[in-house]
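Read the numbers this way: they start at 1 and go in the same order the structure lists the ligands and their atoms.
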Amino acid sequence: MKFCSFASGSSGNCYYIGTDSTGILIDAGISVKSIRKNLKNIGVDLSQIHAVFLTHDHFDHIASVGTLGEVYHIPVFSTAEVLDGVNRCYKVTEKLYQCRREMPKGSTEKVAGLRITSFPVSHDSTDIVGYSITDGVTTVVIATDMGCINDEAVPFLLKADHLVLEANYDEERLLEGPYPLYLKKRILSDTGHLANHVAAEFLAVHAGETVWKHVYFCHMSKENNTPDLILKQFDDKMREYGVPAGFRPPCTVLPRTSAIALVEC
Ligand SMILES: [Zn+2]
Ligand SMILES: [Zn+2]
């Protein structure tokens with residue numbers, strides 16, 4: 001299985017997951033031009049994309065989904081609430097009609113040789129899901145935009161071989177930073193975004209009982225975080241919980257506006 005992050009953060013989110021010949025996108029928060037360019041760089045044509053799965057209806061995850069769905073005829077899967085939310089978003093000019101595929105939370109779809117299962121996470125969009133994607137051998141889990149790690153999400157996160165987990169902000173930076181109070185409160189809340197120390201603590205607590213081969217920290221804030229702050233928090237928590245080096249998953253902080261090299265999972 002192959003995995004690539006094209007962009008991750010409030011300026012746009014888009015992940016590719018595929019087999020040898022076909023693939024899917026999780027979220028489409030960057031332009032079609034940019035998606036095409038990123039796909040080309042990993043040797044994939046847009047015609048090989050068999051579906052887009054949306055986590056939620058915030059614009060940084062849906063910017064080009066209308067065009068992909070209605071102009072390029074790529075089916076768009078998510079909950080009915082998320083799909084309705086996309087169609088209410090005035091910035092999405094191409095609405096979802098023919099391409100619309102309602103996928104109840106917790107259900108599984110088989111597309112492009114992959115099994116994609118959604119699970120509930122906690123965020124202040126119309127609705128939101130995380131995704132667990134497997135080819136029967138390897139499992140990639142995407143858990144982005146979540147104010148807390150809710151109980152229903154935990155079993156999915158623990159079963160990932162490759163885990164994409166939000167590490168949005170450093171708490172100190174956020175509190176001391178320039179954001180207005182209402183925005184700080186929103187981000188800090190259980191339906192906001194995930195703090196570095198919460199993500200790191202979760203990894204440290206569970207490191208010994210999982211098969212995590214790699215962790216990708218996603219949706220990093222531009223104003224309230226840096227890759228170094230995330231990795232330091234990760235190291236600190238691993239030390240605090242006494243996780244031996246051999247049990248610490250390798251990790252990467254996903255760049256906000258550029259792609260990583262294609263990962264062969
Ligand atoms: Zn987002
Ligand atoms: Zn969001």
Worksheet item: Quick one: angle Asp60 OD2 - the Zn ion (ligand 1) - His219 NE2, to the nearest 10°?
Response: 90°
Worksheet item: N/O/S of Asp145 less than 2.8 Å from the Zn ion (ligand 2)?
Response: yes
Item to complete: Could you tell me whether the Zn ion (ligand 2) has an N, O or S atom of His61 under 2.8 Å away?
Response: no
Worksheet item: Between the side chains of Ser122 and Asn150, is a donor N or O closer than 3.5 angstrom to an acceptor N or O?
Response: no
Practice prompt. For the residue pair Met1 and Asp161, establish whether any side-chain heavy-atom pair is separated by less than 4.5 Å.
Written response: no
Fill in: Over 12 non-hydrogen atoms of neighbours within 6.0 angstrom of CZ in Phe247
no
Worksheet item: Regarding His58 and Asn13, is there a side-chain donor-to-acceptor distance under 3.5 Å anywhere?
Response: no
Worksheet item: How wide is the angle at the Zn ion (ligand 2) between ND1 of His58 and NE2 of His56, to the nearest 10°?
Response: 100°
